[in-house]
Amino acid sequence: MKRMTLKWIIGLMGLAMIGLISFQLYWIDNLISANEERFQKDVLDALNTVSDKLEKQETINAFKKLNHLSRAQVYDTALDKYQALRTPYRRTPPPQTEFTQQGSQQVFIIEDSIYGATMEVVFSMGRMDNYFFQKFNPKPPHEEELLERNLRIRALEDKLAKVSHRYEQTFEVVNKLMGSQQPLANRLNPYHLDSLLEKELTSRRIDIEYEYGVFQSRLKQFLFLTENSEPHELASSELKASLFPNDLFGNDSQIAIKFPDKRGFLMKKVWSAMTTSGVLVLVILFCFGYSIRTIVRQKKLSEMKNDFINNMTHELKTPISTVSLAVEALSDSEIERSDLREKYIHVIGEENKRLGEQVEKVLQIAAIDRNDFNLKETMLSMREMMQNAADHILMQVDQRGGRINLIDGSQKDLIKGDEMHIINIIINLLDNANKYSPEAPNITLKADSDDDNFYLSIQDRGIGMTRDQQKCIFEKFYRVPTGDLHNVKGFGLGLAYVQKIVAAHGGSIDVNSELGKGSKFSIKLPLAKNEA
């Protein structure tokens, strides 16, 4: 994949991620706003319901109070009025009655069929004014007529008493409700108000702390106020409702409420949605990052594999070419009879051995990568392993005018391990120290131990590494850039092999390097149990 193509893919994926996260944030913001609007609506509904219930309760209480009046007293009052009307003539109005409405007055017109008299009974705002007009028949009433009159009198008395009672009740209630001048403190019970408010809020699932008060706009003061409430904040609150809004002569009292923890309550409502959305965004971000990382690593791995193939081709081609030349020389009849024959045979053997070693390295790292190898563990002396490895590489170091400093400070050196692999990892590290030293190599091979572990370090004064390079050196096919050094050969498998073998022996390896000053590799291996 080309570098430009990779950049475009990363750019488009990044743009898509930004768009997705922006959409999620927009959706969450809208959800919070919708919840806030619904919360405000529920609170206002609760306040209006409380106000409505208070008003209805006041009306009910007014009627209950009137119903406690003695019906006998009302009846006697109406009867006395009627008796006063009929006393001069002792006449009984007949049942034929007409009703008319004259403005605020209600008029009953009653015709007396026996004596031809007429009576008007006028009710005006709870007060009964009576006007009686009559026409007399000089003939005295018969006994039957008197009996009928008395019956009619009693029926009319009952009707008038009931009418008088009802109208007096109605006018008194209307007077109380229309023109009540009672102080607001006498009309409100703080405990009843608090109980209603709590019930209405709870029924709407609003179960957080709140502050409220009853505010009188005309007086610019609070009649009731909850403890620790701020009057100015309550007065400026948007959550208000009028109390007794149906008073015909106006009422400026309001109930105001405030929720100190409203934001937290609303966030709690959307917390599950926000958490789910956040988790999904994090998962997508992780997948995005992992995908980019995988693409970059695959690209880097592809490049390293290409380098590995090129290096391996070069490393294999060199001994093959040398063997081909030697074989061609041996085919010459003159060479066959000369002393050069043995030399060319030796060259063929050495190059063949070198070719086998290169192939063996590739096969070993492949086997280790598949965990398809067995350690032939025996009791090993690390002092001997260090000496053997140093002797193996010493000739190459001497050819460059360098030296190997062997420092043994260990008290115990027996480990349980595979001799071939242990020697190979030390040789690999010594070989790298030699190859990456631009001048005469100065290599220090140091040993130390404690009660449980054996410590081995290889230090050089070569080109060193950056921190970013140190993070990659144990990866397969990775090779540290050598700058002006062009004779550094290899496949980039050596350090990966070293790390695998050390880990297989239960140990660890670390690197400490500074660019231009050299590198130090430290290995820790567990001592054998009988040695520890």
Side-chain angles (χ1 to χ4, degrees), residues 311-312 315 319 350-368 373 375-378 380-400 402-408 410 413 415 417-437 440-447 454-463 473-474 476-480 482 485 487-505 507-511 513 518-525:
N311 290 330
M312 185 177 65
E315 292 291 330
E350 288 297 321
E351 293 300 323
N352 184 60
K353 182 179 178 182
R354 178 183 172 189
L355 184 61
E357 288 176 353
Q358 300 290 1
V359 173
E360 185 64 25
K361 282 183 181 180
V362 176
L363 294 176
Q364 280 182 355
I365 199 65
I368 291 173
F373 67 97
L375 295 178
K376 299 177 181 179
E377 293 184 337
T378 57
L380 301 176
S381 170
M382 286 301 297
R383 293 190 187 97
E384 294 181 7
M385 299 297 103
M386 292 167 57
Q387 189 63 56
N388 292 340
D391 293 341
H392 187 277
I393 205 74
L394 184 58
M395 183 181 296
Q396 299 177 28
V397 174
D398 286 341
Q399 287 177 352
R400 301 185 59 200
R403 62 179 181 175
I404 298 177
N405 305 308
L406 185 59
I407 302 174
D408 183 11
S410 63
D413 72 328
I415 69 164
D418 188 302
E419 181 177 358
M420 181 191 71
H421 288 301
I422 293 295
I423 290 180
N424 281 342
I425 64 174
I426 300 174
I427 290 174
N428 264 293
L429 294 174
L430 291 173
D431 186 48
N432 283 343
N434 178 44
K435 289 190 298 185
Y436 288 96
S437 295
N442 188 353
I443 304 170
T444 300
L445 183 59
K446 184 178 179 181
F454 183 86
Y455 302 96
L456 173 65
S457 65
I458 293 96
Q459 185 173 4
D460 63 63
R461 298 179 183 176
I463 62 174
I473 58 173
F474 294 109
K476 288 187 302 181
F477 312 122
Y478 181 81
R479 300 186 71 201
V480 175
T482 56
L485 296 178
N487 59 341
V488 178
K489 300 178 181 179
F491 299 150
L493 298 174
L495 290 177
Y497 167 76
V498 169
Q499 186 186 47
K500 289 280 187 180
I501 294 300
V502 170
H505 283 81
S508 62
I509 181 170
D510 298 310
V511 61
S513 182
S519 303
K520 179 181 179 180
F521 288 86
S522 302
I523 297 175
K524 181 178 75 172
L525 294 170

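Given the structure is predicted, the values throughout are model-derived calculations rather than measurements. Just so you know, these numbers use all the heavy atoms, side chains as well, and skip hydrogens, waters and symmetry mates.
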### Message
As an exercise, state the distance from NZ of Lys520 to OG1 of Thr444, rounded to the nearest 0.5 Å.
### Response
9.5 Å
### Separation of Gln399 CD from Leu394 CG (nearest 0.5 Å)
10.0 Å
Can you give each donor-acceptor pair under 3.5 Å made by side-chain atoms of residues 382-392, sequence neighbours left out, with the distance rounded to 0.1 Å?
unit_1 : atom_1 : unit_2 : atom_2 : d
Arg383 : NE     : Asp408 : OD2    : 2.7
Arg383 : NH1    : Asp413 : OD1    : 3.2
Arg383 : NH1    : Asp413 : OD2    : 3.2
Arg383 : NH2    : Ser410 : O      : 3.0
Gln387 : NE2    : Asp391 : OD1    : 3.1
Asn388 : ND2    : Glu384 : O      : 3.3

### Task
Over 60° means perpendicular and under 30° means parallel, so classify the ring planes of Phe474 and Phe521, tilted if in between.
perpendicular
### Message
The criterion is side-chain hydrogen bond (donor to acceptor under 3.5 Å, both in side chains); which residues satisfy it with Asn442, sequence neighbours excluded?
### Response
Asn405
### Task
Please identify each residue that fulfils side-chain hydrogen bond (donor to acceptor under 3.5 Å, both in side chains) with Ser513, with sequence neighbours left out.
Ser519
### Query
Is Ile415 close to Ile422 at the side-chain level, that is, under 4.5 Å between some pair of heavy atoms?
yes
### Message
The criterion is side-chain hydrogen bond (donor to acceptor under 3.5 Å, both in side chains); which residues satisfy it with Asp398, sequence neighbours excluded?
### Response
none
### Task
Calculate, to the nearest 0.5 Å, the distance between atoms NZ and NE2 belonging to Lys376 and His421 respectively.
8.5 Å
### Message
Donor-acceptor check, side chain of Asp431 to backbone of Ile427, threshold 3.5 angstrom: yes or no?
### Response
no
### Task
Taking all heavy atoms of Leu430 and all of Ile458, pick out the closest pair and write down the distance.
CD2-CG2, 4.0 Å
### Query
How close do Ile443 and Ala433 get, heavy atom to heavy atom, and via which atoms?
CD1-CB, 3.7 Å
### Task
Report yes if the side chains of Ile425 and Tyr497 come closer than 4.5 Å at any heavy-atom pair, otherwise no.
yes
### Query
Would you say the side chain of Ile501 lies within less than 4.5 Å of the side chain of Asp418, judging by non-hydrogen atoms?
no
#### Entry: Closest non-hydrogen atom pair between Val502 and Ser508, with its separation
CG1-N, 3.3 Å
### Message
Between Ile393 and Ile404, is there a side-chain heavy-atom distance shorter than 4.5 Å?
### Response
yes
### Donor-acceptor under 3.5 Å (Arg461 side chain, Ala440 main chain)
no
